[in-house]
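None of these values were measured; they are calculated from a predicted model. Along the sequence shown, the residues carry numbers beginning at 1. Order of listing sets the numbers, starting from 1, for every ligand and every atom in it.
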Amino acid sequence: MQFIETRGNDGSKPSSVPFSEAILSPSASFGGLYVPEKLPNINNQFLETHLTSHYKALALDFLTQFGIDIEQEVLKEALSRYDAFDDASNPVPLSKVEDDCFVSELYHGPTRAFKDMALQPFGYVLSKLAQKRGENYLIMAATSGDTGPATLETFKNQEGVQVACLYPDGGTSDVQRLQMVTEDAKNLKVIGVHGNFDDTQNTLKKLLASEEFKEELASRDIKLSAANSVNFGRIIFQIIYHIHSYLELVRKEEIAMGEKIYLVVPSGNFGNALGAYYAKKAGLPIEKILISSNVNNILTDWINTGEYDLTTRSIVQTESPAMDILKSSNVERIMFDKFGAARTKELMEALERDNKYSLTKDELARLREDFDASFSDDEECESVVGAYAQKEYIMDPHTATCMKAYETLRTKNLKTVVYSTAEWTKFSPAVAKALGKDVTADTEALKWVSNTANVSVPSMIEGLFSKPIAHTVIVEKEDIQGEMLNFL
Ligand SMILES: *Cc1c(COP(=O)(O)O)cnc(C)c1O
């Protein structure tokens, strides 16, 4: 199975590459992304076969059918990372919250956000590839809170990979910051930056584009890769839990095999939703994928009107910060799949040049065959969190954006899976507020919510507050390059 490029081939790169190449060097011709040439077939027989499978067995078979160039032994070892999730027998439990609505909890891994679902096995695969080739990779991440901890956690003490993680000082929650600065390993560097997330991300982009920096890396024999969802190595693991959630519904006798369901996906960079799209395309019986956003609702517009317009927008900070995103990278992979490389290149170039593009009426209709979308503001989310707390289910603000989509977008009476992308413990002040208490410090909010709602705080969150701080560097934007070269 080979991987091809969303904006076509520029002649200097091979016209298709194997999986290993696509994940080690994820940037494709013309600034595009890698996508699989074809998908495995998730037919009823595949689903029947896995009705009693463990998550890892389902995953291994799916990855094998994908025909990726990674040895079985490496894949098995990578998937065994799920053994460290809360329940080794089922890393992704499904909770019933309404007669026809189920929450698939993707946050039971080490950093309490759904990023672990993909980054845990991906980190192992990438570092094994680097070791096998005798190469050294640098992964740089700018994070607003969830990607950073999950990237550090998966690569710590892994040979062949070094990770540098930049975060905006004061721009993350206490828990998120502590998850990063207490992560102590020789191959990890965490740098706080004076500025907001946009400043941090722009600094990183400049650094990655700088010739001087590239030469420095080359002279040290270090190659650059990426661990965000532009890397297909993340996406491939994000197809599997959609299949698993479907099978959970069958196992619980909530649906018959083959019955269609809705999925609701709280979205930012659209990696989770793209995984759902590939699952649907491969044959999983999905009626539609409902996309939920916060007030940074560019995806709602894209899916409802066909307009992707950055000119009238700037990022608004919300209580669901992992979705405070306007340039959603995986939208490009959907457009490639539906409209082809030439049109995708045209649209993405328009976005770079004019900061906007419009789909044609026909293109919009094709997009809406698979997707519908809505958004919720912070107030609406707080009232959802409050209402479900009454029913003794505590959800985080990202998950809460899904409930309006569930309530308003369905046109058929079908069972629905809502994805929970973070545990409440990562966003405890917002959850406390929703339950009626204004507290700003995470320690206090964790304690208050835990007592009030009678829910426990897991040890890896509790333990953060007494763990030694390993990274204390906070720099001005201008000083990042020097700081990085010191580390390398
Ligand atoms: C990353 C993240 C999202 C957005 O996921 P995408 O795949 O980027 O759309 C949503 N919620 C949480 C808590 C996240 O960490």
(request) Applying salt bridge (charged side-chain N to carboxylate O under 4.0 Å, His left out), name anything that partners E307, two or more places apart in sequence or on another chain. (result)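 For E307 there are no salt bridge (charged side-chain N to carboxylate O under 4.0 Å, His left out) partners, ignoring immediate neighbours.
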
(request) For K477, enumerate each residue passing the salt bridge (charged side-chain N to carboxylate O under 4.0 Å, His left out) test, keeping only those at least two apart in sequence or located in another chain. (result)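 Counting only residues at least two positions away or on another chain, K477 forms no salt bridge (charged side-chain N to carboxylate O under 4.0 Å, His left out).
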
(message) Any donor-acceptor pair under 3.5 Å linking the side-chain atoms of R410 with those of T416?
(response) yes

(request) Please list, by chain and number, the protein residues whose heavy atoms come under 4.0 Å of ligand 1. (result)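 Residues near ligand 1: F114, K115, D146, P266, S267, G268, N269, F270, G271, N272, A322, M323, H398, T421, A422.
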
(message) Given the ring of F102, does K96 sit roughly above its face, with NZ or CZ under 6.0 Å from the centre of the six-membered ring and within 45° of the axis?
(response) no

(message) Run the side-chain hydrogen bond (donor to acceptor under 3.5 Å, both in side chains) test against S89 and tell me which residues pass, sequence neighbours left out.
(response) D87

(request) Carefully, step by step, assess R313 and D301 under the rule salt bridge (charged side-chain N to carboxylate O under 4.0 Å, His left out). (result) CA-CA 12 Å; R313 292 173 177 273; D301 279 358; 2.8 Å; yes

